[in-house]
Amino acid sequence: MREETMAGVDRRVRISHLLKSAQIGQQVEVTGWVKTSRFSKNVSFVHVMDGSTPNTLQVVIRPELVEAFQHRLGVGAAVRITGTLVPSPGAEQPFEVAAETIVIVGDSDPSTYPMQKKATSLEFLRTVNHLRPRSNTHQAVFRARNALAWQIHRFFQERGFLWIHTPILTGADAEGAGELFPISNAVDFFGHPAFLTVSGQLEVECFAQSHTDVYTFGPTFRAENSNTPRHAAEFWMIEPEMAFADLDDVIALTEDFIREVALATMDQCADDFAFFGKRIAPGHPEQVRQVVSKPFARITYTEAQELLAKSGRTFEFPIGWGTSMQAEHERYLAEEVFQGPVFVTNYPWEQKAFYMRLDEDGKTVAATDLLVPRIGEVVGGSQREERADVLEQQILRRGMHMDHLQWYLDLRRFGTTPHGGFGLGFERMLMWLTGVANIRDVIAFPRVPGASF
RNA sequence: UCCCGCUUAGCUCAGCUGGUUAGAGCACCUGACUGUUAAUCAGGGGGUCGCUAGUUCAAAUCUAGCAGCGGGAGCCA
């Protein structure tokens, strides 16, 4: 990897590299955007960022040089600066660049530039989605987002999982996972209705039954009118699927995944997570690190209900076997009882999707939700129903139509295997790691109900 | 979709029970300043107080409706 330069741009140096391993006295050329600038009679300072690190590079400018540029070196201007790397007398940075030449590549009028050198609210930044990537927070968030995606792929690739690209356009709401966005001209074009996908799981099962270990990682769409800090109409989802695997295998994979990916992402972006822990959610990333380092707890739904009954708490929503676990119940278990991630398994079949494997008692299914403090459910997984007759029964007892599911039943007719996997909201995991509270702040251009774009 | 809250300068906010020309900090402009770290100091410009209607001698302030935003809940990832 050539972190230090861009292909074909020989002299240009990334600030991250420069601050790590450049040599004192070295001649450097830096490109980036002015973050803040201070001018005085004898010496002036311009801080430049280029997106490679949360740290800015301090450029020192002598009076002769600053005169020509002072009015063009305000916040936001794009610059190309050459100079010598020298030790900095200031306490805040080890090095700085003594400027020799300055080129204003792109002017930026400070009186109308919406971004401030002062901290601004995340709410305001949402009104300038096109410029907010330059904010400290979004600089860090989108480096972390990139790292998380990278580490997720690395985790699966190292284990021999194949990345399968399941369709974005799909024919029917087979899973019942929320409202779909219809494609308005689908009937004319395809000859039948079509929608934006809500999950690639059913399709990826075909590839688990051919390539054994596979996963999806792509965009997903929900037309739910959910106006909350945790929901978006367009988000990314990860769905691994394994053949010759049962619920225990799914849970083991989930735990390894959460632990390894979380730690690797925080290591890859150590500076950014230091920023999150200082400015966004004090102490939060360090807590996540501790929590994922311990073994995760595991209880059944039945045991969870017993714990809730024994809690002595008054909950807003009813508890007891057969009731659905509400956010307040999940938070109580993850935050107070276990104080860390907990797998809850074997939910009543009525509460879960049709494809989940019916347990021997006929009352519960081999499903699991991973609950974590603050966020609630992060991962939902299950062993799938691999018995054709039982699956048919589960489809019928829900009043679902089987016409569109014959291909899915075929997987159970020709070389069926026990199999399973989980689904993970990419942005939810990113929020959990970084401590960013609103999903709109971890998506470049968030699509939510009522959004105009 | 339901409940609650908010909306005053480019940004973050103050403006008590209605009462003269609407305030601060930051940003911006001008000047000063021997190394700053969201520099500092002095001066300046900048507002139809979300919109509409109403109550009143008088509305940023009270009432209603609408809109936008935020928080909680549901749905879920």
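Protein chains get the first letters and strands the later ones, always in sequence-line order, with residue 1 at the start of each.
- Looking at the side chain of A/Arg440, the nearest of the listed nucleotides B/U1, B/G70, B/U36 is B/G70.
- Applying the 6.0 Å contact sphere to CD of A/Glu67 captures no more than 12 heavy atoms from other residues, nucleotides or ligands.
- The base of B/G71 lies outside donor-acceptor range of the side chain of A/Glu123, with no N or O pair under 3.5 Å.
- The partner of B/G31, taking Watson-Crick or G-U wobble pairs whose two distances both stay under 3.5 Å, is B/C41.
- Shown here, B/G5 forms a base pair with B/C69; the pair counts as Watson-Crick or G-U wobble because both key distances fall under 3.5 Å.
- Ion pairing between a basic and an acidic side chain is recognised when a charged N comes within 4.0 Å of a carboxylate O; A/Asp441 and A/Arg132 show such pairing.
- A distance of 6.0 Å or more separates the ring centres of A/Tyr408 and A/Tyr355.
- A centroid separation of less than 6.0 Å is found between the aromatic rings of A/Phe426 and A/Phe217.
- Nucleotides B/G50 and B/G70 are separated by 15 Å at their C1' atoms, to the nearest Å.
- Distances shorter than 4.0 Å separate none of the side-chain N or O atoms of A/Ser199 from OP1 or OP2 on B/C76.
- In this structure, A/Thr120 reaches the sugar-phosphate backbone alone: every heavy-atom distance under 4.0 Å involves primed, P, OP1 or OP2 atoms, never a base.
- Using a 4.0 Å cut-off, some side-chain N or O of A/Ser121 falls inside it from OP1 or OP2 of B/U12.
- A donor and an acceptor atom sit less than 3.5 Å apart, one in the side chain of A/Gln93 and one in the base of B/U36.
- Here the side chain of A/Ser226 is nearest to one of B/C76, B/C28, B/C75, namely B/C75.
- Taking a pair to require two hydrogen-bonding distances under 3.5 Å in either a Watson-Crick or a G-U wobble arrangement, B/C13 pairs with B/G23.
- Across all strands shown, B/C76 forms no Watson-Crick or G-U wobble pair with both key distances under 3.5 Å.
- Here the side chain of A/Gln326 is nearest to one of B/A27, B/G74, B/U12, namely B/G74.
- When the nearest nucleotides of RNA chain B are assigned to A/His71 and A/His47 by heavy-atom distance, the more 5′-ward of the two goes with A/His71.
- Residue A/Arg38 places none of its side-chain N or O atoms closer than 4.0 Å to OP1 or OP2 of B/A38.
- Within 3.5 Å, no donor on the side chain of A/Glu92 pairs with an acceptor on the base of B/U36, nor the reverse.
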